[in-house]
Amino acid sequence: MSSSTATTRPQLGTTLLQDGWISAEQLDLALREAKRNGVMLGQTLIGLGFITENLLAHYLAEGTQTGMVDLSTTFIPPEILDLVPYDLAAQFQVLPIGKRRHVLNLAMADPLNIVAVDTIESRTGLNVHTQTAPAQELAEAIERHYAHTESIKHLLDELAAKGLSDLGEDASQEAPMIRLCNQIITSAIQASVTDIHVEPDEQYLRIRMRIDGILAQELLIPKPLQAPITARLKLMANLNLTEKRTPQDGRITFTLGNRRIDLRVSTLPTNFGESLVLRILDKGSLKLEFRALGFTNKDQSRVKSLIQRPHGIILVTGPTGSGKTTTLYTALRHVNAKEKSVFTLEDPIEYQMPLIRQTQVNSEIGMTFAAGLRALLRQDPDVILVGEIRDQETADLAMRAALTGHLVFSTLHTNDAIGAIPRLIDMGIEPFLLASALTAVIGQRLVRCICLGCKTARKDSDEVLAKLQVDLPDDISPQLWTGIGCRACNNTGLKGRAGIYEIIQITDQLHAPIIHGPDIAGIRALIHKQGMPSMFQDGLRKAFSGVTTLEEIIRVTGG
């Protein structure tokens with residue numbers, strides 16, 4: 001095996017070069033970097049962005065004749081996982097996937113790691129047959145499969161058996177407590193949770209998780225464990241453990257396999273202890289495509305044409321948690337950042353974007369949105385994203401930037417798209433300035449989608465339509481859908497979320513009712529006349545196309 005290791009490494013670079021995946025210059029740079037850092041050539045090529053993990057796995061499998069394994073569809077019985085402890089699997093990045101007589105099938109990112117093979121063979125007493133898997137898929141599969149072998153309930157029982165519940169905050173450094181907090185976060189990430197609520201009560205500590213916009217009670221933890229759990233989470237977020245009287249904000253960088261996931265942490269004193277909310281910012285799950293967000297083909301075309309304009313301001317409105325920031329990031333992704341100078345002002349920076357200069361707002365040192373925007377305008381920007389318009393100064397600067405040749409994106413908290421107009425005028429923006437600078441307003445909400453695993457047609461569609469007195473366009477089939485509930489959606493019938501939108505483009509005809517009013521009724525009439533559908537109408541289309549339920553549309557929009 002050692003001679004194979006010596007010969008296969010250089011052969012990998014040569015093969016990739018011969019097959020046209022990398023250039024000679026890229027190979028030379030990667031070889032120098034690999035030697036300088038003491039890292040394998042394949043991982044260096046991935047780190048430099050020259051190849052992907054899947055491509056490396058393919059060539060390693062081919063070169064070692066080990067074959068590829070798809071871990072996303074592989075079922076691994078618990079007794080197979082028990083053969084290799086989690087610590088060993090994580091250390092060597094290996095995953096036992098099957099056993100036949102005296103042979104253990106082992107998925108590896110590096111099938112040439114003879115130390116890992118020898119260690120596993122020695123520990124299990126079995127002969128190892130290796131198969132190759134992409135490194136990131138393997139790392140995620142290790143965390144996913146082993147998470148089920150150590151449940152939260154098991155950890156709570158272990159803590160109780162060791163008497164750690166009586167140690168207070170000191171127990172936050174104990175291994176079972178560390179594993180418990182990690183397991184809570186891991187299970188939340190795997191369930192696509194957006195927020196973890198750690199809520200103290202008089203008799204117990206309640207943990208609830210927000211899935212698809214709805215809070216669900218997940219766990220009740222004995223009261224004695226409240227102090228060490230709170231202390232552990234604050235420690236992970238680099239917060240002051242001794243300060244319990246004032247709110248604090250922090251950030252956790254959590255590693256799940258090869259994924260780095262950020263969590264924003266907020267603490268708030270309550271009568272029964274500190275309440276914590278952890279917002280999960282999983283960049284890996286973010287799909288910055290208008291289609292994935294729920295935009296129709298027509299709306300995609302409209303928004304993309306607006307983004308290509310050289311100047312003006314585009315606002316995204318909606319309540320907190322309605323996906324405004326994701327829509328803005330998606331818009332930025334469709335801006336040609338190679339040819340344009342793009343800046344953002346954010347509070348906080350939720351996701352890092354390539355080729356875009358992002359600035360964190362910090363009001364404690366005077367770095368407000370307004371101060372940052374004034375400085376940013378001296379940086380020769382073409383496109384500016386202002387995370388939120390909160391005050392008159394920021395609004396005025398954003399409007400004037402839009403009038404002086406800049407394309408500006410921002411958000412505003414209003415109930416609907418039209419509400420942005422009187423809101424900005426109330427802030428002190430002159431109506432004539434607003435009419436000239438404002439290009440479009442996108443209002444949005446998030447609705448829960450029908451689970452594809454249990455989606456079925458409703459038999460009472462006609463009765464519901466008659467009751468609601470809804471007039472449908474001719475191109476919509478009058479058929480409603482629902483989810484009957486299954487294991488995939490925890491018997492809710494709903495899984496995942498999509499957006500419903502209304503896009504108001506500020507045309508010349510809208511200038512007069514903005515300047516001389518604002519005449520909201522007149523603006524609404526003109527919008528309807530120009531064929532711009534409301535958010536409720538967009539939701540209706542999605543309900544009758546089977547994306548969501550009519551009840552969801554009514555819940556979110558109020559009908």
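Atoms considered below: every heavy atom in the structure, side chains included; atoms not considered: hydrogens, waters and symmetry mates.
- For the pair Lys495 (side chain) and Gly453 (backbone), a donor-acceptor distance under 3.5 Å is absent.
- Residues that satisfy the side-chain contact (heavy atoms from CB on, under 4.5 Å) test with Glu243, not counting sequence neighbours, are Asn240, Arg245, Thr246, Gln248.
- By the 4.5 Å heavy-atom criterion applied to side chains, Lys99 and Asn105 are not counted as neighbours.
- Residue Ala543 comes nearest to Ile553 through the heavy atom pair CB-CG1, 4.2 Å, listed as atom of the first residue, atom of the second, then distance.
- Remark: side-chain polar atoms of Ser122 are not paired, donor with acceptor, to backbone N or O of Asp118 under 3.5 angstrom.
- In Arg458, the CZ atom is crowded: over 12 heavy atoms of neighbouring residues, nucleotides or ligands sit closer than 6.0 Å.
- Of the possible polar contacts, none joining the Ser275 side chain to the Glu199 backbone as a donor-acceptor pair under 3.5 Å is found.
- Counting non-hydrogen atoms of neighbouring residues, nucleotides and ligands closer than 6.0 angstrom, the CG atom of Leu452 reaches no more than 12 such neighbours.
- The backbone N or O of Gly318 lies less than 3.5 Å from a partner atom in the side chain of Lys324, making a donor-acceptor pair.
- From Arg333, atom CZ reaches atom CD1 of Ile356 across 10.5 Å, with rounding to the nearest 0.5 Å.
- Proximity of a side-chain donor or acceptor of Gln358 to a complementary backbone N or O of Met353 within less than 3.5 Å is detected.
- Residues Asn297 and Arg291 have side chains that bring a donor and an acceptor to within less than 3.5 angstrom of each other.
- In plain terms, the two heavy atoms of Leu235 and Leu241 that are nearest each other are N-CD2, 3.8 Å.
- Ion pairing between Glu552 and Arg448 holds under the 4.0 Å rule for side-chain N and carboxylate O.
- Heavy atoms of other residues, nucleotides or ligands lying less than 6.0 angstrom from NZ of Lys35 number 12 at most.
- Between the side chain of Thr194 and the main chain of Arg210, a donor-acceptor pair closer than 3.5 Å is present.
- Using bins of under 30°, 30° to 60° and over 60° for the plane-to-plane angle, the ring pair Phe295/Tyr501 lands in the parallel bin.
- The backbone N or O of Gly387 lies less than 3.5 Å from no partner atom in the side chain of Glu346, so there is not a single donor-acceptor pair.
- Under a 3.5 Å cut-off, the side chain of Lys223 and the backbone N or O of Asp201 do form a donor-acceptor pair.
- Looking only at side-chain heavy atoms (C-beta outward), Cys451 and Thr492 stay at 4.5 Å or farther from each other.
- Between the Ser545 side chain and the Lys542 main chain, a donor and an acceptor come within less than 3.5 Å of each other.
- The line from CG of Leu355 to CG of Leu332 is 12.0 Å long, rounded to the nearest 0.5 Å.
- How far OG1 of Thr44 is from CD of Gln26: 13.5 Å, rounded to the nearest 0.5 Å.
- Asp212 contributes a side-chain N or O that, together with a main-chain N or O of Gly496, makes up a donor-acceptor pair within less than 3.5 Å.
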